[in-house]
Amino acid sequence: MADLAINGGRPVRRTLLPYGHQSIDEDDIRAVVDVLRSDWITTGPKVAEFEEAIAHYVGARHAVSFSSGTSALHGAVYAAGLTSGDEAITTPLTFCATANCVIYQDGTPVLADVSADTLNIDPEEIASRLTPRTKAILPVDYAGHPADLGPILKLADQRGLVVIEDASHALGAEYEGQRVGAVSHMTVFSFHPVKHVTTGEGGIVTTDRAEFASRLRLFRNHGINSDARLRQAEGQWFYEMVALGYNYRLTDIGSALGLAQLAKLEMNLARRREIAGRYEVAFSSLAGVIPPRPRVAVKSAWHLYPIRLDLPSLRFSRAEVFAALRAENIGVNVHYIPVHLHPFYRERFGYKCGEYPHAEAAYESLISLPMFHAMTVQDAEDVISAVEKVVAYCRR
Ligand SMILES: *Cc1c(COP(=O)(O)O)cnc(C)c1O
């Protein structure tokens with residue numbers, strides 16, 4: 001049996017393969033340079049063009065861009081009308097920004113456990129956490145697999161709640177034949193470099209409701225209302241600040257990069273699906289490893305490829321398997337440390353271990369394998385060889 005690199009053997013790869021990485025090519029660079037040579041570098045024509053392109057791609061009426069996915073989440077929580085003392089229900093198995101944005105508006109994030117198969121928020125758990133103060137539900141499309149949106153929207157409609165979908169992982173995913181971005185009341189995407197499309201830093205909210213779109217535009221620009229009729233009546237210099245907002249604007253530089261990236265999205269999604277297909281074939285018959293199994297009603301965008309270890313059948317802990325894979329030069333990661341286990345959340349809300357058993361059990365056994373569209377077939381084969389090598393060594 002091949003010696004593990006962690007025990008001094010030869011690693012499967014000579015160089016580290018990261019878990020995710022951006023791809024920037026010459027036409028991306030040209031698009032950015034063109035903007036740098038133009039009259040507008042911050043909020044100009046490219047921002048509007050990018051917003052229209054995203055709205056068109058997902059099939060929503062409006063898209064409002066932001067300086068990051070996090071500020072877009074903050075804007076969506078504001079647009080939903082959430083204020084002091086209100087509650088919003090979200091998943092513990094996410095990046096902390098999904099829950100933080102509720103606290104930014106002085107609300108309380110309430111966590112509801114995930115379903116054991118998809119690791120997305122469980123609609124029945126949401127139902128059990130509703131109170132008269134609940135204002136919004138924030139499902140996350142974990143790893144690119146759309147959340148259980150049908151039941152969640154039904155629940156929201158019965159109770160008059162707003163569904164803000166955190167689709168940071170899911171640009172290009174589909175739920176029952178519809179693109180993510182056109183399903184929930186508001187959908188948030190991130191354009192961080194590890195996501196499907198990047199603007200450097202950036203984010204966007206898509207929605208069909210004009211009222212949400214105008215509140216989002218107000219919020220990202222200091223709460224300033226630049227109503228054309230008022231300018232006509234009072235003078236061209238006139239504007240009014242009507243709410244407390246922020247400078248959360250995306251730039252033309254970022255938007256030009258986003259437009260060039262968006263043109264390659266379908267090709268990149270196909271590449272991710274191909275890699276996921278290879279992983280599925282290799283891992284579905286490998287004892288000790290449980291690969292993700294998308295539900296039939298969805299098409300995942302495969303932002304991540306999180307496998308779970310069948311720990312009772314292995315002699316190694318997750319930490320040991322993780323270290324062994326890193327030694328083989330496979331840049332594995334873990335998504336996510338559950339939100340309620342972070343010191344800030346424990347201290348502020350009194351959370352304890354054991355409150356969200358599905359999320360916590362998943363966390364104990366999760367490992368994200370490399371998944372990005374610039375990976376080659378050989379890269380994917382290296383990942384498979386390394387997982388097979390490590391798991392074979394530590395199987396009971
Ligand atoms: C990336 C990400 C965010 C935040 O996006 P930024 O653009 O980095 O602010 C929020 N939620 C999830 C689930 C993410 O993966």
Side-chain angles (χ1 to χ4, degrees), residues 18-22 50-51 54 63-78 88-105 109 111-112 114 118-121 136-147 149 163-173 180-181 184 186-206 216 219-220 246-251 253-255 257-258 261-262 272 292 300-306 333-340 342 345 359 362-363 366 368 371-372:
Y19 90 92
H21 197 264
Q22 76 271 20
F50 183 52
E51 290 177 336
I54 292 284
V64 181
S65 62
F66 279 82
S67 55
S68 69
T70 302
S71 56
L73 281 165
H74 187 188
V77 167
Y78 166 81
I89 301 176
T90 191
T91 166
L93 205 66
T94 184
F95 182 57
C96 50
T98 320
N100 292 349
C101 66
V102 179
I103 307 173
Y104 296 159
Q105 285 304 103
L111 304 177
V114 296
T118 59
L119 304 185
N120 276 327
I121 195 167
I137 305 171
L138 282 90
V140 174
D141 303 323
Y142 176 74
H145 185 300
L149 300 172
V163 176
I164 302 167
E165 182 182 350
D166 181 346
S168 295
H169 298 180
L171 185 62
V180 160
S184 296
M186 283 184 271
T187 307
V188 177
F189 297 97
S190 162
F191 302 124
H192 179 275
V194 299
K195 308 291 162 67
H196 293 74
V197 160
T198 189
T199 59
E201 296 281 2
I204 209 161
V205 185
T206 61
L216 289 163
F219 193 71
R220 72 161 178 200
Y246 295 80
N247 176 356
Y248 275 166
R249 297 183 306 260
L250 185 63
T251 63
I253 299 171
S255 300
L257 178 56
Q261 292 254 310
L262 185 59
R272 285 172 184 266
S300 176
W302 293 113
H303 165 59
L304 301 172
Y305 195 89
N333 213 320
V334 172
H335 299 91
Y336 289 96
I337 299 165
V339 170
H340 66 287
H342 286 292
Y345 278 88
Y363 167 60
L366 278 168
S368 298
M371 171 58 87
F372 54 97

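Counting starts at 1 for both ligands and their atoms, in listed order. Only a predicted model underlies this, so the values are computations on that prediction, with no experimental measurement involved. Basis for what follows: all heavy atoms, side chains included, without hydrogens, waters or symmetry-related copies.
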List the residues meeting side-chain hydrogen bond (donor to acceptor under 3.5 Å, both in side chains) with Tyr78, not counting sequence neighbours, and say none if there are none.
none
Does Ser71 come within less than 4.0 Å of ligand 1, judged by its heavy atoms?
no
Does Phe66 reach ligand 1, in the sense of a heavy atom lying below 4.0 Å from it?
no
Would you mind running through ligand 1 and noting each atom that sits below 4.0 Å from a heavy atom of Thr98?
11 (N)
Element-labelled atoms of ligand 1 that are located less than 4.0 Å from some non-hydrogen atom of Ser68:
7 (O), 9 (O)
min-distance protein heavy atom vs atom 11 (N) of ligand 1 -> Asp166 OD2, 2.8 Å
Over 60° means perpendicular and under 30° means parallel, so classify the ring planes of His169 and Tyr336, tilted if in between.
parallel
Which residue supplies the protein heavy atom nearest to atom 5 (O) of ligand 1, what is that atom called, and how far is it?
Ser190 OG, 3.2 Å
Per-atom contacts of ligand 1 with Thr94, taking only distances under 4.0 Å to non-hydrogen atoms
13 (C)
Between Ser168 and Ser190 the two heavy atoms that sit nearest each other are OG-CB, 3.6 Å
Atoms in ligand 1 with a heavy atom of Gly202 nearer than 4.0 Å
7 (O)
Please test Asn100 against Tyr345 for side chain to side chain donor-acceptor pair (under 3.5 Å), starting from the C-alpha separation and ending with a verdict.
CA-CA 10 Å; Asn100 292 349; Tyr345 278 88; 2.7 Å; yes
Show which atoms of ligand 1 fall inside a sub-4.0 Å distance from at least one heavy-atom site of Tyr336.
15 (O)
Between His335 and Tyr19, ring centroids under 6.0 Å
yes
Taking distance alone, with no angle check, do Val140 and ligand 1 share an N/O pair under 3.5 Å?
no
What is the nearest protein non-hydrogen atom to atom 3 (C) of ligand 1, stated with its residue, atom name and distance?
Ser168 OG, 3.6 Å
Would you give the length of the straight line joining atom CZ of Phe66 to atom CG of Leu216, rounded to the nearest 0.5 angstrom?
4.5 Å
Among non-hydrogen protein atoms, atom 2 (C) of ligand 1 lies closest to Lys195 NZ, 2.7 Å
Partners of Ser184 by side-chain hydrogen bond (donor to acceptor under 3.5 Å, both in side chains), sequence neighbours excluded?
Glu165
Look at atom 15 (O) of ligand 1 and say which protein heavy atom is nearest, naming residue and atom and giving the distance to 0.1 Å.
His169 NE2, 2.8 Å
How far is atom 9 (O) of ligand 1 from the closest protein heavy atom, and which atom is that?
Thr70 OG1, 2.6 Å
Donor-acceptor pair between Ser67 and Arg220 side chains, under 3.5 angstrom:
no
Aromatic ring centroids of His196 and Phe189 under 6.0 Å?
no
